[in-house]
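Presented below is the structure to which this report refers.
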Amino acid sequence: LELTVEQQAMAAGGKGAGAAFAMRLLEGYGRAVGAKRLIPVSAAHIDGCLHHGDVSLDFVRRFVDAGATVAVPTSLNVGSIDLIHPELFAGAEALGRDGRALMEAHLALGCAPTFSCAPYLTIFRPRFGDQIAWAESNAIVFANSVIGARTARYGDFIDLAAAITGLVPEHGLHVAENRRATLHIAFDQGAGRDLAPDELAVAAGLLTGRVAGDAVPVLTGLPANMTEDHLKALGAAAASTGQVALFHAVGLTPEAPTFDAATQGQPVERRVDASLAELRAALAALTTVPDGERLSAVCLGTPHFSISEFAALRGLLLASAQRPCVPIYVNTGRDTASELERRGWTAQLEAAGVILVVDTCTYVTSILRDLSGAVMTNSGKMALYAPGNIGARMAFGSLEACVRSAIAGEVSR
Amino acid sequence: VSAAVSGTWRVLAPGQAEGKLLILQAPLSFWGGYDALTGTIIDASHPDVGTVCAGRILAMSQTKGSSSASSVLAEAIRRGTAPAAIILGRPCGILATGALVADALYGLKCPVMVAPHWPLPRHDGSLLHVAASDAL
C-alpha cells in the first residue's frame with residue numbers, strides 16, 4: 001500500500017491525532033484487502049450508532065477528544081433510540097443512556113442526524129459513478145445496484161475512518177472490473193403474475209442471496225415495472241441471506257441496460273434457474289406461525305419506509321371501513337417523516353393505528369411492548385432477523401395482507 | 001512470523017500469543033455468532049456451537065457475515081473473552097480492523113494472521129506460540 005505525500009502527512013499527524021488514527025486503521029484494512037493505494041470518496045454513511053458494548057463509545061470518543069471532524073458529507077445509520085419519540089424505548093436504562101450518548105458523539109464529529117438505514121432516501125443520496133464509503137448492508141447494495149454509485153462493504157470502525165480522512169483503499173466494488181456479473185440468476189417469468197410485487201421482490205432477494213453468496217449476480221425474468229421500492233426490498237433480502245453488495249437486473253438497474261453490459265461482455269461462470277415453486281418456498285419459510293394466529297403488531301419499514309410506500313399504506317387504510325385492532329409500527333427516516341407532516345398525512349396515519357418510529361428500527365432495539373402474539377411484516381429482512389434479535393414469532397405477507405391482518409387481529413394471508 | 005509452520009505468513013494485526021489451537025469446522029460470523037460476554041460460539045447453525053474460544057488460537061478457513069464483526073471482536077478483546085490469536089485461511093479486513101482498534105484503544109493485542117497453507121498442518125489442541133510482527 002503506497003501513500004501519497006499528502007496522505008503520509010496525514011498519517012504522521014499533520015491533520016490532527018484523529019486523522020492519524022483513522023489513517024492507521026485504513027492502512028491496516030487496506031493491506032488486509034490487498035489494496036495498492038487510497039482513493040478519495042465524496043461521502044460516507046456510518047453504521048456506528050448501534051451500541052455493541054463499551055468499545056463503540058470508546059472508539060468514537062477517541063475522535064471527539066482529538067477534536068476530529070468528518071472530511072466529507074456523512075450520514076448516520078439507525079441508533080438504539082428514537083430521539084424524536086424517546087418514550088417508545090422499552091429497553092434497559094443503561095443501554096438507553098449509552099445508546100443516546102453514542103448517537104450524540106457522532107453528531108459532535110459533524111455527522112448529519114439522518115439516523116436512517118435508507119440514506120438513499122435523503123439529500124445524501126449519491127449519484128451514478130460516485131465513489132463513496134457506505135456501511136449498512138441494505139444501503140450498500142442499494143447504492144451499488146440501484147444508483148450505480150461505488151462502495152465496498154464497509155462496517156464498524158472503518159466507515160468512520162473513511163469519513164474522517166475522506167479516503168478508502170481502492171479495492172472491491174470501487175473498481176470497474178470487479179462490478180462484472182459472474183453469475184446469472186434467471187427467474188421464472190410467470191412469477192410476476194402469481195405473487196404480489198412486494199412479495200416477489202423479497203422472494204427474489206432471498207434466493208439471490210442464497211445462490212450468490214458474495215458474488216455479483218445478473219438477474220433476468222423480473223417484471224419490467226418493478227419500482228425502486230421493490231429493488232430496495234430485493235437488495236435488503238439478498239444482503240441478509242448472502243453478502244450481496246451489488247446485483248444487476250437487466251432493464252432495471254443502471255449498469256445493466258443489457259445482459260452483456262452487466263457481464264462486461266464476458267461469459268458468466270454459472271447460471272441458476274429459479275422457479276415459481278422455489279420463490280414460494282423461500283417466502284413460506286419466513287412465516288413460523290399458522291394462518292389465523294393472533295397478531296400483536298405489524299412492523300413495516302425495514303429498511304426505512306419511503307414516501308411512496310406510505311402513499312400505498314395510506315391508501316389501504318383509508319379504503320377500509322374498519323380500523324386495525326393491533327398497532328402498525330412503521331420505521332422511517334426524519335426526512336420522510338417531515339414530508340408526511342407537510343402533506344398532512346401524519347395525523348391521518350396515526351388515527352388509523354400507525355405508530356411512526358424514526359431514528360431506529362423495530363428489530364434492532366426494544367420498541368414492541370407486546371410479543372405475546374405474532375408479528376407480521378412485508379420485509380424479508382425483518383422476518384429473518386426479528387426472531388433472533390427481539391424474540392418475535394414472525395409472519396410474512398404483502399403490504400395488503402399485513403393491513404388486512406392488522407384489521408382482523410390475526411394472520412390472514 | 002513464526003508459528004512453527006513454515007511458509008509466508010501475512011500479518012493483519014500484530015502481537016504475540018500462546019495457546020492451544022482450535023480449528024473451526026466452518027466459517028464463523030462474529031456478529032450474531034460469538035458472545036463477547038463469555039467468549040463462546042452461539043450461532044446455533046454452526047457445527048462448533050457451544051465451544052469456548054477465549055484464550056485459544058482460533059483458526060478458520062475464512063470469516064463470514066456482518067461487518068459489525070469488528071465491533072464484536074474488539075469488545076471481546078476489551079473484556080478478555082477473545083481468542084488469544086486468530087489464524088485465517090483467507091484475509092479479512094473486518095477482523096483485522098477489530099483487532100487494530102482494540103490495540104489502539106486499550107493496548108490489548110489479538111494477533112490476526114493469514115496462514116501460508118490451508119488446511120493448517122497442525123492438529124486441534126496442539127500448543128502454538130505466535131509472534132506476529134508489524135513489519136510487512
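Predicted model only: the values in this text are computed from it and were never measured. To find a chain, count down the sequence lines: A is the first, B the second, and so on, and within it residues start at 1. Just the heavy atoms: all of them, side chains too, but no hydrogens, waters or symmetry mates, feed the values below.
Of all heavy-atom pairs between B/Ala104 and A/Arg62, the closest is O-NH2, 2.6 Å. Annotation for B/Glu75 and A/His52: closest pair CG-O, 3.6 Å, computed over non-hydrogen atoms.
For the set A/Phe157, A/Tyr29, A/Phe59, the entry with the most heavy-atom pairs within less than 4.5 Å of chain B is A/Phe157. For the set A/Ile158, A/Leu26, A/Leu25, A/Asp54, the count of heavy-atom pairs under 4.5 angstrom toward chain B peaks at A/Asp54. Each of A/Gly155, A/Ala32, A/Ser56, A/Ser137 has some count of heavy-atom pairs under 4.5 Å with chain B, and the biggest count is that of A/Ala32. Your options are A/Val33, A/Asp58, A/Asp159, and the one with the most heavy-atom pairs under 4.5 Å with chain B is A/Asp58.
For A/Asp47, the part lying under 4.5 angstrom from a heavy atom of chain B is the side chain only. In this structure, the portion of A/Phe21 lying under 4.5 Å from any heavy atom of chain B is its side chain and not its backbone.
Using a 4.5 Å heavy-atom cutoff, the side chains of B/Tyr106 and A/Val55 are in contact.
In this structure, OG in B/Ser68 is found 7.5 Å from CG in A/Leu50, a value given to the nearest 0.5 Å.
For the pair B/Arg10 (side chain) and A/Arg31 (backbone), a donor-acceptor distance under 3.5 Å is present.
Residues of residues 92-101 of chain B that come closer than 4.5 Å to chain A, counting heavy atoms only, are B/Cys92, B/Gly93, B/Ile94, B/Ala96, B/Thr97, B/Gly98, B/Leu100, B/Val101, ordered by residue number.
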